[in-house]
Amino acid sequence: QVQLVESGGGLVQAGGSLRLSCAASGRTFSNYAMGWFRQAPGKEREFVAAVSRSGGTTYYGDSVKGRFTISRDNAKNTVYLQMNSLKLEDTAVYSCAANPGVVSWKDHEYDYWGQGTQVTVSS
């Protein structure tokens, strides 16, 4: 079973930057597409970004395009989310997830999930 642990969350001012990491343990990290999702209180889970198994293809939710960047380092079994120009509405719990198929924006296609890390953007 793949285990995922997020880190890097915290409190940041609007306009600032934050880098999230997701460390994976398991035998076949490179066989999984990886994604980031977020969920704010009282709201549904939202797709943020996804990266293909090789790292060559990325997708982003409309609300974060141009501001966030997803990447992965298969040698380190880690996926990253670089968040720039943060806005108040980016406040949420951010979770990484592993998908045995191709990159996807559908959360139900991801088999493994981390516990999440809180990102709070202040004015």
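Numbers here are sequence positions counted from 1.
For Q3, the side-chain hydrogen bond (donor to acceptor under 3.5 Å, both in side chains) partners two or more places apart in sequence, or in a different chain, are S25.
Here the straight-line distance linking atom CZ of R19 with atom OG of S71 works out to 6.0 Å at 0.5 Å rounding. A distance of 6.0 Å separates CG in L88 from OG in S123, rounded to the nearest 0.5 Å. Between atom CZ of residue R72 and atom OG of residue S21 there is a gap of 13.5 Å, rounded to the nearest 0.5 Å. Atom NZ of K43 is separated from atom OG1 of T91 by 10.0 Å, given to the nearest 0.5 angstrom. The distance from the SG atom of C96 to the CG atom of L4 is 4.5 Å, given to the nearest 0.5 Å. The CZ atom of F68 sits 8.0 Å away from atom CG of L20, with the distance rounded to the nearest 0.5 Å.
Electrostatic pairing of K65 and D62 counts as a salt bridge here, judged by a charged N lying under 4.0 Å from a carboxylate O.
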List the steps, then state whether side chain to side chain contact (heavy atoms under 4.5 Å, CB included) holds for R67 with Y60.
CA-CA 10 Å; R67 300 188 297 120; Y60 298 93; over 6 Å; no
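Under the 4.5 Å side-chain heavy-atom criterion for grouping Ile, Leu, Val, Met, Phe, Trp and Tyr, V12 is connected to V48 within one hydrophobic cluster. V51 is not connected to F47 by any chain of hydrophobic side-chain contacts under 4.5 Å among Ile, Leu, Val, Met, Phe, Trp and Tyr, and they are in different clusters. Placement of V119 and I70 within a single hydrophobic cluster is found when ILVMFWY residues are connected by side-chain heavy-atom separations under 4.5 Å, directly or transitively. Y80 and M83 are members of different hydrophobic clusters when ILVMFWY side chains are connected at heavy-atom separations under 4.5 Å. One hydrophobic cluster holds both Y112 and W36 under the rule that ILVMFWY side chains link at heavy-atom gaps under 4.5 Å.
Between R38 and D90 there is a side-chain heavy-atom pair separated by less than 4.5 Å. In this structure, the side chains of Q13 and L86 stay at 4.5 Å or more apart for every pair of heavy atoms. A 4.5 Å side-chain heavy-atom check between E89 and V121 finds every atom pair outside the cut-off.
Pairing each heavy atom of G101 with each of A33, the nearest pair is O-CB, 3.5 Å. Minimum heavy-atom separation, F29 to V79: CZ-N, 4.4 Å. When all heavy atoms are compared, the tightest approach of L18 to G10 is CD2-N, 3.9 Å. Nearest heavy atoms, Q82 versus S17: NE2-CB, 4.0 Å. Residue A49 comes nearest to L81 through the heavy atom pair CB-CD1, 4.2 Å, listed as atom of the first residue, atom of the second, then distance. Heavy atoms only, all atoms of each residue included: G114 and S95 are closest at O-OG, 4.2 Å.
D107 places no side-chain N or O within 3.5 Å of a backbone atom of Y110 that could act as its donor or acceptor partner. E6 places a side-chain N or O within 3.5 Å of a backbone atom of G116 that can act as its donor or acceptor partner.
Between F37 and W113, the ring-plane angle classifies as tilted under the 30° and 60° cut-offs.
For Q118, the CD atom counts as densely surrounded, since its 6.0 Å shell holds more than 12 non-hydrogen atoms of other residues, nucleotides or ligands.
Between the side chains of E46 and S63, at least one donor N or O lies within less than 3.5 Å of an accepting N or O.
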